[in-house]
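Everything on this sheet refers to the single structure shown next.
Labels below follow one simple rule: chain letters A, B, ... track the order of the sequence lines, proteins then strands, and each chain is numbered from 1.
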Amino acid sequence: MQKTLGSISVGSVIEIPQRPSFFNRRLMWVIIFIGGLFWALLESGIFQNELINTGGITLGLEFLTASINPELSREFIQLTLKATLTTLAFAVSGLFLSIVFGFFGGVVASETWIKSYTIARNDQDLPIFVRGLWLVLRWILVLFRSVHEVIWALIFVAIIGLDPLSAILAISIPFSAIIAKVFSEIIDETNHEPLNALLNSGVSPTKAFLYGLLPLTFADMLAYGFYRFECAIRAAAVLGIVGVGGLGYQIFLSLQTLKFTEIWTLLFALFLLNGLADLWSSILRRRLGVESRCGGTCIDLEAIQTTRKGVDPSYQDRVVKFSIIFAAVLVPLSFWYINPDFGILISERTSQNMVSVGQSAFPPTFEVFSLGEWIDLSKITLSMSFLAVAFAGVIGLILSFPAANNFLLPGGIFASGREKNAPRLLATALLVLTRGLLLVLRSIPAPIWALILLYVLFPGVLPGALALGIYTLGVLGRLMAEVVENLDERPLLALKAQGAGMGGVFMYGALPPTYPRFISYLLYRWEEIIRATVIVGQVGAGGLGRSLTEQLSSFDNQAVLAILIVFIVITFIVDMISASARKTLRAA
Amino acid sequence: MVGPSGAGKSTLIRLLNGTLFPTSGEVRVLGQRLDKLSAGALRKVQSRIGTIYQQFHLIDNLQVVHNINAGHLAHWSFSRSLISLIRPMDIQTAFNALEQVGIPEKLYERTDRLSGGQQQRVAIARVLVQNPEAILADEPISNLDPGLSKEIMDLLLDLSYRSGKTLISSLHAIEFAKSHYERIIGLRKGRILFDSSTDFITESMINSLYQGRN
């Protein structure tokens, strides 16, 4: 064996390089995942308890068969139509406020904004209190979005009473915080040269932003705003369940009285509403030249990936123009339809309530539970969220490929290019079916899923985890399909061209470039699921979420605050774990 | 094959490797009509033809060894392919291929960390592992600088001579066509303008390919 420096002489033998160790950080995460899954299954009692409620199967079947026979009487159709409009109106007005707040929040919370002040002042160091204020703002945004809409709704009901405004604000607060976060990232990722040119020539930061930066971000922000529309509809439907009205509320009522045919009428309305919103936003995004904006739908944070395909967004485009006009009409109509009383906000009673609610919550009483109980509650919440994530991740991965339009369809990667009509029909049917399934899964609010699951499952962690998992699967599968659709197909075609079969092309070509995105979306959704555990408490799922709703209904505000604090701490821990896992993913 | 953009060079290569089928007429590859074959039989023919591309078309975030092993996919079973992704198999073959293209030390590097020239070498190594009877190269050097272009062309030619494999390339650079190939086919607007031994190629033949443009 001889090794020469630099050049290799003829006849020399070079050793095969040492294989990198099998025990790397990626393997560590795989082990953690499998261990976590096992622990979560153990924790959920899946190995000990009787799970399937055989007595409920007939009821479950009755529920399913009712789907072909929805209630179509004139009065009920009218009721459904009204409920649909209510849900839509809440979504639109909540989203509108969120975009307004989120826009300003996003500008102020952006790194760019604070930097432009330094440039304008020609000064490297900002006054310490400005920097401090900015950090506090960013923390407030985190707090706002880690509390679920339902909890916000209950808090607002305590402060301003049962006005529609409570629901609008309950949607707006977490949504504004998320939109602000995403907008600030859009601003930070946009080309800063025009802005700096203006700043360096003495223009004030506000004006420089207005002329040098915001026009560049407009298309991205518009696309993201519309992207949130479907989320807002789902949030509005969930809020309905706590009594705001609309589709969620009607479904809940019919479910309690076991009127299955009515439920299906309402569900079909919900599918239609969600499907149209999804269709609209995806057409609009394509027209704006902004594809696959960002990930996790309801919490997406860093998932922004600007993949403009060299399209210059044309605001003259008919679809874009129509969308903007339609939105401009829809917003005032929605506010008119719901008729919220903004006057309440400045009324004396509200400020009194606010003070009294605030006072009643301090100091938080952590003593409501012993340390052991706190740990048990946290364990249940964690294991429930983990099961949901694992379920959604594995099945989402399988469904995302048939749900993408570039795989089985003619011209797709797995199509041979010589299909006659039959396979084309089959492939199209499969695409429509999987997409439809994902739409159905995500349109039905998680609490409704939980109640439906209770027909066949005994109360416990499992129905809660499944409800969250099914709902998440609907969101995630759609997102993953979009990742697949944005895949560079040429390497896959190259594998196909050398005679590789479908399995080989899939394993060597399709999975490697997509799985890092899948996993990072999954990790973002994990945080969202933790947040959402509060809404499946009614199925005996337990954990912090259920204790929170219990304490809320018994008006023990000190305990509520204590649970909220623990909740937020857990969210932070989950956030840290997922950030660390994502880092490994990027490096690998 | 030489000719202006849009002459049909890439289309012809895609017709030859079975990723595109003719709307009229017929294409015979290794004696068989590709559009008449079953999916399995088509894959069998395809495994006997290797293709190299202008943009390399490797899987960026896989290690080099997996990209090379992808050359086995037509023959490997599903389970073998899967296991190899976790624990690479047939390392010796992959290593030998990589040694032939001159970058044996990159075996476990992530593919997107390599330079363009190195990535094209990996693509060639993949074709070596596939061990086809003919190699199609679709503008293999258009993304490389002149120095690297010559190295890659030398490498392709050397491999084709040593293993006795047919090498068909589409090229933009006429000088490389003349210096490296025995036979040159001039394509223009989907038609063959000339098909001749390199020795008989004249300046006016080349000019006729490109005249009337702009």
Side-chain angles (χ1 to χ4, degrees), chain A residues 3 6-8 10-24 26-27 30 410-420 423 487-517 519 585-588, chain B residues 14 17-21 34-35 39-40 42-53 55-63 65-67 69-78 81-82 84-88 91-92 94-95 99 102 104-110 123 126-127 130 132 136:
Chain A
K3 266 189 175 175
S7 65
I8 298 153
V10 180
S12 74
V13 181
I14 316 151
E15 279 175 78
I16 298 183
Q18 183 74 41
R19 212 165 84 77
S21 168
F22 197 64
F23 298 95
N24 51 20
R26 216 167 1 151
L27 182 76
V30 171
I413 290 152
F414 283 167
S416 70
R418 302 174 299 172
E419 277 85 1
K420 299 281 168 308
L487 190 67
D488 179 4
E489 293 167 13
R490 297 170 311 177
L492 283 79
L493 291 174
L495 291 182
K496 225 178 97 169
Q498 54 159 45
M502 260 168 60
V505 173
F506 184 74
M507 281 185 295
Y508 280 74
L511 267 189
T514 45
Y515 90 92
R517 292 286 290 282
I519 295 178
L585 203 64
R586 275 199 298 274
Chain B
R14 291 195 58 198
N17 73 9
T19 49
L20 196 69
F21 299 95
L34 296 184
D35 54 342
L42 173 65
R43 281 210 298 276
K44 221 165 241 156
V45 176
Q46 283 179 319
S47 74
R48 294 159 65 193
I49 310 159
T51 313
I52 292 164
Y53 305 85
Q55 308 278 354
F56 324 135
H57 296 182
L58 300 166
I59 312 296
D60 278 346
N61 63 342
L62 282 183
Q63 287 174 356
V65 61
H66 296 305
N67 265 307
N69 275 349
H72 289 299
L73 283 178
H75 307 291
W76 276 5
S77 68
F78 182 84
S81 315
L82 184 65
S84 176
L85 271 182
I86 297 159
R87 194 181 170 78
I91 293 172
Q92 190 64 48
F95 176 75
E99 203 179 5
E105 71 283 359
K106 303 291 184 192
L107 191 60
Y108 294 112
E109 201 90 8
R110 227 177 91 149
R126 176 165 79 185
V127 170
Q130 189 194 339
L136 307 173

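Here the closest non-hydrogen pair linking A:Pro512 and A:Pro516 is O-CD, 3.3 Å.
When each of A:Pro17, A:Gly504, A:Gly503 is checked for heavy-atom pairs under 4.5 Å with chain B, A:Pro17 comes out on top. Top candidate by heavy-atom pairs under 4.5 Å with chain A, chosen from B:Arg14, B:Gln63, B:Lys44, B:Arg126, is B:Arg126. Put simply, of B:Asn17, B:Ile59, B:Leu62, the one with the most heavy-atom pairs under 4.5 Å next to chain A is B:Ile59.
Residue contact with chain A, scored on non-hydrogen atoms closer than 4.5 Å, involves the side chain of B:Tyr53 exclusively. Looking at B:Leu20, there are no atoms closer than 4.5 Å to chain A (heavy atoms on both sides), in backbone or side chain.
Residues B:Thr51 and B:Val127 fail the side-chain proximity criterion, which asks for heavy atoms closer than 4.5 Å. Side-chain atoms of A:Gln498 and B:Ser47, non-hydrogen and from C-beta on, never get closer than 4.5 Å to each other.
Counting only distance, with no hydrogens or angles, the side chain of B:Gln130 and the backbone of B:Ile49 share a donor-acceptor pair below 3.5 Å.
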Checklist entry - Where do A:Met502 and A:Val505 land on the side chain to side chain contact (heavy atoms under 4.5 Å, CB included) test, with the steps shown first? => result CA-CA 5 Å; A:Met502 260 168 60; A:Val505 173; 5.8 Å; no

